[in-house]
There are 2 protein chains.
Amino acid sequence: MRISDKYRYLGIKLTPQRLAILSYLDGNRSHPSAEDIYRSVRKEFPTMSVSTVYNTLDVLKEKGDVQELTIDPRKKRYGPVNTPHNHLMCNKCRHIVDINKEFKFTLPSSMTEGFELTGNHVEFFGFCSNCRKKQ
Amino acid sequence: MRISDKYRYLGIKLTPQRLAILSYLDGNRSHPSAEDIYRSVRKEFPTMSVSTVYNTLDVLKEKGDVQELTIDPRKKRYGPVNTPHNHLMCNKCRHIVDINKEFKFTLPSSMTEGFELTGNHVEFFGFCSNCRKKQ
DNA sequence: TGATTGACAAGAATTATTCCTGGTTGATAA
DNA sequence: TTATCAACCAGGAATAATTCTTGTCAATCA
Ligand SMILES: [Mn+2]
Ligand SMILES: [Mn+2]
Ligand SMILES: [Zn+2]
Ligand SMILES: [Zn+2]
């Protein structure tokens, strides 16, 4: 299925703006912020606005194509979702890498206080090799 | 060791403002935001300012007495740290409960890309009993 | 005592994100 | 083909959370 077919199937229009954002995210492992995306996509698409970036990210989140990360306390970060995965962030430079492993936990119902569980996300923290070198 | 001794030991002054925030957080399981803390502490301490709340939270984070949560995408939430624990948040009302269990993972070094790991935090998601009732 | 330091209140400034408005576009159907 | 309509967009204003700045005060110290 081509990407345009997929989105027609999902019932959303695949506009040039959305395509630009999609192709920027596709294969991108840096988990960029909305601002990062805006700055990059803007180069080839000078009329792009930040609202469009946010709107597009909302649509893509909805469809499950994009994951919004809250691991960085300063701003939300976004990444493509291929298969469910988790993340590891550097405490110093906030570089984020994928942990391509899924964790399936079952919690005893005594712990879940009547919640119905839908998923989980594991945040790993540490120091990247770069930040370790510099002291 | 009394609380005042503890903080003297840690080398920070235990001021009335800090004490008020500490005692509000102590035993509090609701993971309040800075605003929540401000509104509550203010009642008995009308001159308290938001900056003081943020400053105090920074100090207490530093000392490991307070945990800052990023699980709620809207704002940071804070809670006392007794023993290491994890969290479960309702996708709808964003009510957060503690998961009093620690998860110790070891990741194969092929996954950690040269990072030195320092810790982890597991975010569980779901729907609380209240939100499930209301459909 | 006089100097130094840490902490505070108040409010200004910044930053990320959301909201609003008016104008396009492109699919649909008369 | 042309009119209609919904979805989408750019631009910028508004909001909300958080950080920064400044002047003041109180405790501590030489
Ligand atoms: Mn990722
Ligand atoms: Mn907690
Ligand atoms: Zn780093
Ligand atoms: Zn709920």
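On a predicted model such as this, the values are computed, not experimentally measured, just so you know. Reminder, nothing fancy here: chain letters follow the sequence lines and each chain counts from 1.
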Between D36(A) and S33(A) (side chain of the first, backbone of the second, donor and acceptor by atom type, cut-off under 3.5 Å), is there such a pair? yes

Rounded to the nearest angstrom, tell me the gap between atom CG in D36(A) and atom C1' in dA16(C). 12 Å

Answer yes or no: side-chain N or O of S51(B) and base N or O of dA10(C) forming a donor-acceptor pair under 3.5 Å. yes

R132(A) (side chain) donor-acceptor with G114(B) (main chain) under 3.5 angstrom: yes

Rounded to whole Å, CZ of R77(A) lies from P of dT17(C) at a distance of 11 Å

Ignoring the backbone of M48(B), work out which of dA9(C), dA10(D), dT18(C) is nearest its side chain. dA9(C)

Looking only at the side chain of T52(A) (C-beta and beyond, no hydrogens), which of the listed nucleotides dC20(D), dG6(C), dA10(D) gets closest? dA10(D)

Does R18(B) have a side-chain nitrogen or oxygen under 4.0 Å from the phosphate oxygens OP1 or OP2 of dA7(C)? yes

Between CD of Q17(B) and P of dC25(D) the distance, given in whole Å, is 15 Å

To the nearest angstrom, the CG-P distance between L14(A) and dA27(C) comes to 12 Å

Taking dT19(D), dT17(C), dA10(D) as options, the one with an atom nearest any side-chain atom of A34(A) is dT17(C)

Should K76(B) be listed as having a side-chain N or O under 4.0 Å from OP1 or OP2 of dT19(D)? yes

Which is true for E35(B) with a 4.0 Å heavy-atom rule: it touches a base, it touches only sugar-phosphate, or it touches nothing? nothing

Transitive ILVMFWY cluster of F125(A), excluding itself - 4.5 Å side-chain cut-off: L69(A), I71(A), M89(A), I96(A)

Where at least one partner belongs to residues 75-101 of chain B, residue pairs that pass ring-ring contact (aromatic ring centres under 6.0 Å, His included), sequence neighbours excluded: H31(B)-H87(B), H85(B)-H87(B), H87(B)-H121(B)

Can you measure E68(B) atom CD to dA17(D) atom P for me and round it to whole angstrom units? 15 Å

Taking dT18(D), dA9(C), dT17(C) as options, the one with an atom nearest any side-chain atom of K75(A) is dT17(C)

Expressed as a whole number of angstroms, how long is the span from K61(B):NZ to dT18(D):P? 10 Å

Side chain of K13(B) only, please: which of dT19(D), dG6(C), dT17(C) is the nearest? dG6(C)

Protein-nucleotide distance (L57(B), atom CG; dT19(D), atom P), rounded to Å: 10 Å

If you find the nucleotide of DNA chain C closest to T56(B) and the one closest to N55(A), which residue's nucleotide is nearer the 5' end? T56(B)

Phosphate oxygens OP1/OP2 of dC9(D): is one of them under 4.0 Å from a side-chain N or O of T15(A)? yes

Hey, does the side chain of T70(A) reach the backbone of P73(B) with a donor-acceptor pair shorter than 3.5 angstrom? no

Would you say dT18(D) has OP1 or OP2 under 4.0 Å from some side-chain N or O of Y54(B)? yes

Residue-phosphate contact under 4.0 Å: S49(A) side-chain N/O, dC9(D) OP1/OP2: no

Do D72(A) side-chain atoms and R74(A) backbone N/O form a donor-acceptor pair below 3.5 Å? yes

Output the rounded distance in Å from NZ (K63(A)) to C1' (dA7(D)). 13 Å

Starting from the 5' end of DNA chain D, give me the residue, T47(A) or Y78(B), whose nearest nucleotide shows up first. T47(A)

